Structures are given as C-alpha cells and as structure tokens.
Amino acid sequence: MSDPSEEPTSQERELDPTETRAPQENSSMDEYHQLKQKLLVWTLVITALVFVSVWFYYSLNIALNYLIGACTGVVYLRMLARDVERIGNQKQSLSKGRLAMFIGLIIVATQWDQLQVMPIFLGFLTYKAALLVYVLQTTLLPDSK
C-alpha cells in the first residue's frame with residue numbers, strides 16, 4: 001500500500017512543469033516536428049541530386065552558385081519553421097529577416113561577377129521542390145506519412 005501523501009493532488013498535477021501541453025497539442029507538435037524534419041531531409045536530398053547533376057552537365061562554378069542558393073533556402077526554411085513555432089507559442093508576428101536575407105543574397109549576386117543570379121535563385125527554390133515532393137507523397141501514398 002502506498003502512502004496517499006506521496007501522490008500529487010489534482011492541483012499539483014496541473015502545475016507540473018514537465019506537462020506544459022495537452023496530449024492533443026503534443027501530438028500535433030510531434031507531427032509538426034516530423035513534417036519539419038521530412039522537409040529538411042527532402043530539401044537536402046534534392047539539393048545533393050541537383051548539385052551533382054548541374055556540376056556534371058554545366059560546370060562547378062554554376063553548381064556552386066546553385067549550392068549557395070540552396071543553402072540560403074535551407075536557412076530560410078529553418079527560420080520560417082522557428083517563426084511558425086513562435087507564433088504557436090507566443091502569438092507574435094513573423095520576422096522580416098528571412099526576406100531580407102534572400103534580397104541581400106540576390107543583390108550580392110548581381111554585384112559580384114563570380115556569382116550568377118539564376119542558379120542562386122533556382123537553388124533557393126529547392127525547398128519549394130521539397131514541399132511539392134511531400135505533398136505528392138502524402139496525396140498519392142497516404143499510408144507512407
């Protein structure tokens with residue numbers, strides 16, 4: 001028999017800091033983190049495939065320009081995910097730094113002779129391709145979520 005004084009009261013259970021969210025919120029946050037992870041993995045896989053293909057068919061310089069854009073896209077995606085998490089928790093507005101980062105990259109690409117705008121821009125859009133892959137995968141193969 002256990003001592004009833006050792007068990008927390010219902011009021012103490014409500015104040016338990018380890019249980020900050022309701023079970024439904026935890027499952028939706030788990031789903032969100034899985035989605036975030038899948039998008040990151042798909043973005044990196046597509047980036048690697050396109051980088052190698054561009055290097056093979058064009059040149060290393062163009063492939064590196066693509067890689068710069070793709071890396072910026074990954075950073076953009078992570079910043080977007082962080083803002084989405086912050087909105088869910090604190091109801092704050094989105095930061096404008098993501099767009100400024102992209103605009104800055106394009107400005108640098110137009111001013112620096114070694115960089116080419118089109119491969120950088122297409123590299124940046126790689127995360128969008130990952131979104132399309134995820135949508136197609138969940139639409140056509142709903143069991144493989």
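Since we're looking at a predicted model, the values are computed, not measured.
Leu132 and Leu39 are not part of a single hydrophobic cluster, where members link through side-chain heavy atoms under 4.5 Å apart. Ile46 is connected to Leu67 through a chain of hydrophobic side-chain contacts under 4.5 Å among Ile, Leu, Val, Met, Phe, Trp and Tyr, so both are in one cluster. Residues Val74 and Val54 fall into different hydrophobic clusters, defined by Ile, Leu, Val, Met, Phe, Trp and Tyr side chains chained together at heavy-atom separations under 4.5 Å. Connection of Trp112 to Ile68 is established within a shared hydrophobic cluster, with ILVMFWY side chains joined at heavy-atom distances below 4.5 Å, either directly or through further cluster members. Follow the hydrophobic side-chain contacts under 4.5 Å out from Tyr57 and you never reach Met118; the two are in separate clusters.
Atom CE of Met101 has more than 12 heavy atoms from other residues, nucleotides or ligands within 6.0 Å.
In terms of heavy-atom proximity, Phe51 sits nearest to Leu60 at CZ-CD1, 4.4 Å. The two residues Asn65 and Pro119 have their closest heavy-atom pair at CB-CB, 3.8 Å.
Residues Thr126 and Val50 are not in side-chain contact: their nearest non-hydrogen atoms beyond the backbone lie 4.5 Å or more apart. Side-chain contact between Arg98 and Arg82 is absent, with no heavy atoms from C-beta onward closer than 4.5 Å. Taking the side chain as every heavy atom from C-beta outward, Ile106 and Phe124 never approach each other to under 4.5 Å. The side-chain heavy atoms of Lys36 and Arg78, taken from C-beta on, include no pair separated by under 4.5 Å. Side-chain contact between Gln116 and Asn61: present, with at least one pair of heavy atoms (C-beta onward) separated by less than 4.5 Å.
For the atom pair OH (Tyr134) and OG1 (Thr138), the distance works out to 5.0 Å, reported to the nearest 0.5 Å. Interatomic distance, Ile120 CD1 to Tyr66 OH, rounded to the nearest 0.5 Å: 12.5 Å. The CD atom of Glu31 lies 9.5 Å from the NZ atom of Lys38; values are rounded to the nearest 0.5 Å. Interatomic distance, CG of Leu125 versus CG of Leu131, reported as 11.0 Å (0.5 Å rounding). In this structure, CH2 in Trp42 is found 13.5 Å from CD in Gln37, a value given to the nearest 0.5 Å. Ile62 CD1 to Leu115 CG: the interatomic distance, rounded to the nearest 0.5 Å, is 12.0 Å.
Not one N or O on the side chain of Tyr127 forms a donor-acceptor pair closer than 3.5 Å with the backbone of Val75.
With Val117 as the fixed residue, the side chain to side chain contact (heavy atoms under 4.5 Å, CB included) test singles out one of Val108, Thr110, Ile107, Leu105: Thr110.
Applying the side-chain hydrogen bond (donor to acceptor under 3.5 Å, both in side chains) criterion to Thr43, with sequence neighbours excluded, gives no partner residue.
Using modelled atom types and a 3.5 Å distance limit, the side chains of Ser53 and Tyr58 yield no donor-acceptor pair.
Taking the six-membered ring for Trp, Phe102 and Tyr76 have ring centres at least 6.0 Å apart.
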